[in-house]
Asks: 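Below is one structure. I have some questions about it.
Computed from heavy atoms alone, side chains included, the values below leave out hydrogens, waters and symmetry copies. Nothing fancy with the numbering, it's 1 onward along the sequence.
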Amino acid sequence: METFKVPVGISNRHIHLSHDHIEALFGEGYSLTKMKDLSQPGQFASEETVTLIGPKGAIAGVRVLGPARKASQVELTATDTFKLGVKPPVRDSGKIEETPGIDVEGPKGRIHMNKGVIIAARHLHMSPQDAEKYKLDDGQYIRAIVPGPRGGILDQVLVRVSPDYALDLHVDTDEGNAFSLVNGQLLEVCLP
């Protein structure tokens, strides 16, 4: 079986906001303030945070990621869903139809999202050049082998190919903790 190695990126809970929602939460004409770049080109963690408010509880200090998107989206871990009292599906980012909503509070206002709460499916970002090199297609699934005392196999890793992507395998903090992963650790990917 042919394999190659990819770095892992562990993603904490976060929110992507539309321009309208940024203004509703932070004020008219507001722009996000970049705190640091993320692994994917053009993406960044902003200085701004919000509070998520669900039927059972709230989580404060949720990082806003930029830049603004067409539609707002909240990405949670399964653990977060118990505290908030929401039941989102595991989904690929951007696929928010038939997902639950949530209330979001910022320093200048509060909004209700009718939809957009997901648990992000684990996925592998790659450029078209990497996809060609490793003979993978957008939408395909691969496996990643996690070494070590809490090792195992990450199955059903969705391959996402775009000229805007850099090679990085994304999991959430629940998955990262379960396998004792650290950001940047190299995982072996098994080709189908």
Side-chain angles (χ1 to χ4, degrees), residues 8-18 21-22 24-26 32 35-36 38-40 43-66 68-125 141 143-146 148-158 160 168-185 187:
V8 69
I10 302 166
S11 183
N12 200 356
R13 72 181 74 94
H14 59 271
I15 187 168
H16 301 276
L17 293 170
S18 68
H21 283 168
I22 290 170
L25 295 167
F26 296 99
L32 296 176
M35 182 175 72
K36 69 175 183 175
L38 299 176
S39 64
Q40 296 308 301
Q43 303 295 306
F44 62 90
S46 75
E47 295 282 351
E48 291 77 17
T49 61
V50 295
T51 299
L52 301 178
I53 304 160
K56 282 179 60 181
I59 298 176
V62 176
R63 184 76 48 205
V64 178
L65 301 188
R69 289 201 177 176
K70 288 184 209 172
S72 295
Q73 173 179 293
V74 174
E75 295 183 30
L76 300 174
T77 66
T79 301
D80 295 330
T81 67
F82 297 113
K83 181 169 186 172
L84 293 168
V86 293
K87 295 183 179 178
V90 175
R91 287 277 177 86
D92 185 22
S93 182
K95 303 207 186 256
I96 59 171
E97 292 306 316
E98 298 179 24
T99 60
I102 199 161
D103 288 341
V104 183
E105 190 170 71
K108 300 285 186 181
R110 183 171 170 159
I111 60 168
H112 175 73
M113 292 173 50
N114 292 320
K115 61 183 175 183
V117 180
I118 66 168
I119 298 171
R122 58 180 76 122
H123 54 279
L124 174 63
H125 288 283
Y141 289 90
R143 289 183 173 164
I145 300 168
V146 180
R150 297 196 75 188
I153 295 176
L154 290 166
D155 199 14
Q156 294 296 302
V157 179
L158 177 66
R160 298 180 63 198
D168 204 26
L169 193 156
H170 286 182
V171 297
D172 67 27
T173 53
D174 279 359
E175 294 173 306
N177 290 335
F179 287 100
S180 295
L181 292 170
V182 294
N183 275 316
Q185 181 176 347
L187 302 183

Asks: Checking I15 against M113 for the side chain to side chain contact (heavy atoms under 4.5 Å, CB included) test, could you report, in this order, the C-alpha distance in whole Å, the side-chain angles of both residues, the deciding distance, and whether it holds?
Replies: CA-CA 11 Å; I15 187 168; M113 292 173 50; 4.2 Å; yes
Asks: State, to 0.1 Å, how close G85 and P55 come at their nearest heavy-atom pair, and which atoms those are.
Replies: O-CG, 3.5 Å
Asks: Grab the two heavy atoms, one from A58 and one from K83, that are nearest each other, plus how far apart they are.
Replies: O-CE, 3.2 Å
Asks: Given F26 and V64, is the side chain to side chain contact (heavy atoms under 4.5 Å, CB included) satisfied, shown in steps?
Replies: CA-CA 11 Å; F26 296 99; V64 178; 4.3 Å; yes
Asks: For T99, give me all partners under side-chain hydrogen bond (donor to acceptor under 3.5 Å, both in side chains), at least two apart in sequence or on another chain.
Replies: none
Asks: So which atom in M35 and which in S46 form the shortest heavy-atom distance, rounded to 0.1 Å?
Replies: CB-C, 3.8 Å
Asks: Roughly how far, to the nearest 0.5 Å, is CD1 of I96 from NE2 of H16?
Replies: 11.0 Å
Asks: Determine, step by step, whether Q73 and I118 satisfy the side chain to side chain contact (heavy atoms under 4.5 Å, CB included) criterion, reporting the C-alpha distance in whole Å, the side-chain angles of both residues, the deciding distance to 0.1 Å, and the verdict.
Replies: CA-CA 8 Å; Q73 173 179 293; I118 66 168; 3.8 Å; yes
Asks: Once rounded to the nearest 0.5 Å, what's the spacing between atom NZ of K115 and atom CD of E97?
Replies: 3.5 Å
Asks: Nearest 0.5 Å please: distance from the CG atom of L169 over to the CG atom of L124.
Replies: 5.0 Å
Asks: Could you measure the distance from the NE2 atom of H170 to the CD atom of Q40? Nearest 0.5 Å is fine.
Replies: 5.0 Å
Asks: Tell me, with the steps shown, if I22 and E48 meet side chain to side chain contact (heavy atoms under 4.5 Å, CB included).
Replies: CA-CA 10 Å; I22 290 170; E48 291 77 17; over 6 Å; no
Asks: Looking only at the side chains, is there a donor atom on one of D174 and T79 sitting less than 3.5 Å from an acceptor on the other?
Replies: yes
Asks: Heavy atoms, side chains only, cut-off 4.5 Å: are F179 and L154 in contact?
Replies: yes
Asks: Write out all pairs satisfying side chain to side chain donor-acceptor pair (under 3.5 Å) with one or both partners inside residues 51-65, taking only residues at least two apart or from two chains.
Replies: none
Asks: Look at the side chain of R91 and the backbone N and O of G116, then say whether any donor-acceptor pair between them is shorter than 3.5 Å.
Replies: no
Asks: What pair of heavy atoms forms the shortest contact from I10 to L181, and how long is it?
Replies: CD1-O, 3.4 Å
Asks: Once you round to the nearest 0.5 Å, how far does CG of L158 lie from OH of Y141?
Replies: 4.5 Å
Asks: If we only count heavy atoms from C-beta on, is the I111 to D103 side-chain gap below 4.5 Å?
Replies: no
Asks: Would you indicate whether the side-chain heavy atoms of L76 and V86 approach each other to under 4.5 Å?
Replies: yes
Asks: If we ignore angles and hydrogens, is there a donor and acceptor under 3.5 Å between the side chains of E75 and H14?
Replies: yes
Asks: Taking all non-hydrogen atoms of both residues, which atom of I53 and which atom of E105 are closest, and how far apart?
Replies: CD1-CB, 4.0 Å
Asks: Would you say T77's side chain and D172's backbone share a donor-acceptor pair under 3.5 angstrom?
Replies: no
Asks: Rounded at 0.5 Å granularity, tell me how far CD1 in I59 sits from CG in D80.
Replies: 4.0 Å
Asks: Do side-chain atoms of D168 reach the backbone of H125 as a donor and acceptor pair under 3.5 angstrom?
Replies: no
Asks: Sequence neighbours left out, what passes side-chain hydrogen bond (donor to acceptor under 3.5 Å, both in side chains) with R143? Give chain and number order.
Replies: D155
Asks: Taking the side chain as every heavy atom from C-beta outward, state whether S93 and R160 have any atom pair closer than 4.5 Å.
Replies: yes
